[in-house]
Amino acid sequence: MPSSSAIPRVDVLAVDDTPANLRSLEALMEDLGANVVAASSGDEALRLLLERDFALILLDVQMPGMDGYETATLIRMRERTRHIPIIFITAFNRSEVNVSRGYELGAVDYLFKPIVPEVLRTKVGVFLELHRKKEEVRRQAELLRQAETREHERQLAEARAHYERSLLQQEMERERKVSEALEQRAQELARLVQEKEQAQSALHESNARLRLLADTASRLLKGTDGRPLLDSVHQHISEHLGLEVCLGYLSREGNGPLELTAHSGISPTMRERLERLEPGQGVAGKVATEQRRWVLDAGAAANGPAPDAAPELGLAALACYPLISQGRVLGTLAFGTRTMRTFTEDELSLMQGVCDQVAVAMERERLIGALREADRRKDEFLAMLAHELRNPLAPVRSALEVFRMRMKQDDVLQRTIASADRQVAHMTRLVDDLLDVSRITRGKVELKPVSVTLTDLVEGAVQACEPIISQRHHELSVSLPSETVMLNVDPTRMTQVVANLLHNAAKYTPSGGRIHLNAERQGNELVLSVRDNGIGLRPDMLHRVFDLFVQVDPGSDRAQGGLGLGLTLVRRLVEMHGGHVSARSEGLSKGSEFTVRLPLPAGPAPALAIPHMVKAAAATAHKLQPLHILLVEDNPDIRETLRDLLELHGHRVEEASDGRSAVALVLSQRPQVALVDIGLPELDGYKVAELVRASAGGSDTRLVALTGYGHPEDRKRALEAGFDAHLVKPVSSDDLSQVLKKLCTAA
């Protein structure tokens, strides 16, 4: 058995509030190789456990302050000391409850005072020996790991040395072969230098050609018309390749004659002779017909009959290419020189690349022109469509007004008339939306921002949508800020935005639904939202719903109709005001919410009085006296129904169906008001107004333009021609009465 001095010493923590007991424990364990560290309290023991590790803890149970059980609990709560063996030592209370509590706290044993030395030494020795064996196992594992590491490093060093020897052998073999080839390479050095110089020259030339192609592409892409750029392209190619003659032909009609569009290096006389070529005539005609390049130079025979133009032009080399795009021949480009030479493949490729770029630019020009023409025709069509749609609506609306006034006692007929009137109003709204979208997309709408209150805008929008909301029995609630909110917007257009959102909510919400309009300040923005409990939106529709002609759900209730224009107008008008609009929905049948964000004015601005429709009506609420009215309209249906309506209101009406008779009647009868259609035969309405205003006898008659064209420029033109007011067909009885009241306040 080894002596105690040869045994590795192990730290043991003894915790007891009695110094004599600590000395006794130290004496009992001295020859066991234990380094006893004494602690007189639980707090001191915990501090020592923070500073060092122990193989065993001898813990007295009865101590002042923190007893042994509490100390053991804290020891077990710390990860580092959780597994240190604990032997409880006590002289009191040998009950099973306390013993069980000690074991529950992780104690390995429980000793009672007075302690039997042999028992203590035996038990402590077991734990000390167990700790030493664990340390020995750990030490042996570390030694084994170090040995394995050293062996791995040794093997790695051997492999590295072997690899280096192999590399050295390979390098030696390579050097030997290099030495053997040195003489041969020295002989080839001059040839390599020459080839390098040639390669550098070729690279320089290739870079120059690439720059030429890039510059040509940039010119053609930036130009608005590809044809004038052909001269510039010719000049660049000629300077780069050293060519004197360039000819560019274009076909105006696909397979028709070729016309000389660009040229250089030919005389005026020769230009006149070559100005027009029929298909198959000359080199250009043959190339256009066969749709393949034609080359004649010193190194290759022509792949076709001898060219007609080459002898006349004195050319020794000529290359002609077709300009082809989308399988269609647009023309030809020819490059020639009077010096005998052979075109290299790089030169031919360069000319081909330039021709391809020219063809792409010309096709792009053609497509852009076609798009512009289509857009122009579309706008013309929309304007004409609106005019042609408004004309038949005018007599229908007037006839309905006549029916309503003549059949006041018949409730069934009144409901029928009201229904028809709503459909006419809806049709008029569709026409207006269609024209608004067309004008906005063309940038023809000019905003006229003024300072206006949010309340005025919302009231105008709610009144505009009141008929459809009432018809579908919706519940509308409006929540606005308590303070006055001023906006710097175009009141007409912004009222249209809010009205379109309300109209959209009413249209796609089943009867009896709820619509809520809310507006509030958020920082420097006004946030206005319209929420409903209608059919909702699919996730894929949240962004597409603002696109032109997009329907929310083509399979849904289409009772209110629509062309998918209202939300497009909303987005365009909001963006023109510097704002943003977005849509949100939880899904189908879960309603939707549209939110408009508008910037608020930077500082307070005085409110500009915007006369409300109701206020304007009240301002002119005096009773309109019967008037002497001249009705000028070439459409019999419109003229007759509007005459009946005016006569039912008590006015005396005279008629004219053309411009000349209208001027004569105004000057001879001097009516108080003349309602003049713009699209009249012989003399249009503008000319009628000019002639009437040019005569002294026509100064007292108020002129009102009636037209199917409702653009602001149409209104401006009418006022400049001498009209006092401008009305767009179909004209409602209320609108016509308001205009007559304003113009004839003295009547």
Side-chain angles (χ1 to χ4, degrees), residues 378 382 422-423 426-427 429-438 440-441 458 461-462 464-479 493-520 522 525-598:
K378 180 261 295 180
L382 290 178
R422 285 193 297 271
Q423 298 308 312
H426 178 62
M427 186 66 180
R429 178 188 179 88
L430 292 180
V431 173
D432 291 339
D433 284 352
L434 194 62
L435 287 177
D436 279 343
V437 167
S438 173
I440 290 175
T441 54
V458 173
V462 170
C465 296
E466 194 276 334
I468 186 174
I469 293 175
S470 299
Q471 177 192 356
R472 296 176 72 86
H473 307 290
H474 291 320
E475 176 187 338
L476 173 64
S477 59
V478 179
S479 176
R493 291 303 183 180
M494 196 48 60
T495 300
Q496 183 181 5
V497 167
V498 181
N500 278 10
L501 291 178
L502 289 173
H503 191 276
N504 188 74
K507 182 168 63 173
Y508 290 106
T509 300
S511 296
R514 296 187 303 276
I515 302 173
H516 180 65
L517 188 153
N518 180 74
E520 60 183 16
Q522 289 187 8
E525 289 185 324
L526 171 73
V527 180
L528 185 146
S529 64
V530 175
R531 187 176 69 252
D532 62 67
N533 63 341
I535 65 174
L537 295 169
R538 300 191 308 271
D540 63 297
M541 291 294 295
L542 292 178
H543 298 290
R544 293 183 55 240
V545 72
F546 295 103
D547 293 341
L548 192 61
F549 301 127
V550 170
Q551 298 288 347
V552 172
D553 185 0
S556 65
D557 176 19
R558 303 291 294 139
Q560 294 302 318
L563 298 175
L565 303 174
L567 293 179
T568 301
L569 285 172
V570 168
R571 182 181 65 179
R572 299 289 178 87
L573 292 173
V574 170
E575 290 175 351
M576 289 175 67
H577 282 85
H580 174 72
V581 61
S582 61
R584 187 180 68 86
S585 176
E586 299 297 329
L588 294 178
S589 302
K590 295 184 179 180
S592 57
E593 181 177 12
F594 291 85
T595 302
V596 173
R597 293 181 175 272
L598 290 173

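In this text, all values refer to a predicted model and were calculated from it rather than measured experimentally. Position 1 is the first residue of the sequence; numbering continues from there.
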Next item on the list: Any chance you could measure Phe594, atom CZ, to Leu537, atom CG, to the nearest 0.5 Å?
Entry: 5.0 Å
Checklist line | For the student: nearest non-hydrogen atoms of Gly534 and Pro510, plus distance | finding: CA-CD, 3.8 Å
Notebook entry, point to check: Once you round to the nearest 0.5 Å, how far does CG of Asn504 lie from CG of Asp532?
Noted result: 8.0 Å
Margin query: I'd like to know if the side chain of His516 pairs up with that of Ser477 as donor and acceptor (distance under 3.5 Å, no hydrogens or angles considered).
Written below: yes
Item checked: Member of Val581, Val530, Asn518, Val527 meeting the side-chain contact (heavy atoms from CB on, under 4.5 Å) criterion with Thr595 -> Val527
Margin query: Pairing donors with acceptors under 3.5 angstrom, does anything connect the side chains of Thr509 and Asn533?
Written below: no
Checklist line | Contact check, side chains of Val596 and His580, non-hydrogen atoms, under 4.5 Å | finding: no
Item checked: Any residue meeting salt bridge (charged side-chain N to carboxylate O under 4.0 Å, His left out) with Glu520, in chain and number order, not counting sequence neighbours -> none
Next item on the list: For residues Leu588 and Gly536, report the shortest heavy-atom separation together with the two atoms involved.
Entry: CD2-O, 4.3 Å
Notebook entry, point to check: Mind checking what makes side-chain hydrogen bond (donor to acceptor under 3.5 Å, both in side chains) contact with Ser470, not counting sequence neighbours?
Noted result: Glu466
Next item on the list: List in chain and number order the residues that pass side-chain hydrogen bond (donor to acceptor under 3.5 Å, both in side chains) with Thr495, two or more places apart in sequence or in another chain; answer none if no residue qualifies.
Entry: none
Check: At their closest point, which heavy atom of His503 faces which heavy atom of Ile468, and how far apart are they?
Finding: NE2-CD1, 3.7 Å
Checklist line | Side-chain donor or acceptor of His474 paired with backbone N/O of Gly513 under 3.5 Å | finding: yes
Notebook entry, point to check: Which atom names give the shortest non-hydrogen contact between Ala461 and Ala499, and what distance separates them?
Noted result: CB-N, 3.6 Å
Next item on the list: Rounded to the nearest 0.5 Å, what's the gap from CG on Leu569 to CG on Asn500? Could you check?
Entry: 6.0 Å
Check: Which residues satisfy the salt bridge (charged side-chain N to carboxylate O under 4.0 Å, His left out) test with Arg514, sequence neighbours excluded?
Finding: none
Checklist line | Expected output: side-chain Arg472 to main-chain Ala506 donor-acceptor under 3.5 Å | finding: yes
Margin query: Distance check, rounded to the nearest 0.5 Å: Met576 atom CE versus Arg571 atom CZ?
Written below: 13.5 Å
Notebook entry, point to check: Is any side-chain heavy atom of Val498 closer than 4.5 Å to a side-chain heavy atom of Leu528?
Noted result: yes
Margin query: Using the salt bridge (charged side-chain N to carboxylate O under 4.0 Å, His left out) criterion, which residues pair with Glu575? Sequence neighbours excluded.
Written below: none
Margin query: Taking the side chain as everything from C-beta on, heavy atoms only, tell me whether Val574 gets closer than 4.5 Å to His577.
Written below: no
Next item on the list: First locate atom OG of Ser592, then atom CE of Met541, and finally report the distance between them rounded to the nearest 0.5 Å.
Entry: 11.0 Å
Next item on the list: Drop me the distance from Glu586's CD to Glu593's CD, to the nearest 0.5 angstrom.
Entry: 10.0 Å
Next item on the list: Name all residues meeting the side-chain hydrogen bond (donor to acceptor under 3.5 Å, both in side chains) criterion together with Ser585; count only those two or more places apart in sequence or in a different chain, and write none if there are none.
Entry: none
Note to self: Apply side chain to side chain contact (heavy atoms under 4.5 Å, CB included) to residues Glu525 and Leu598 and explain how you reach the verdict.
What the structure shows: CA-CA 5 Å; Glu525 289 185 324; Leu598 290 173; over 6 Å; no
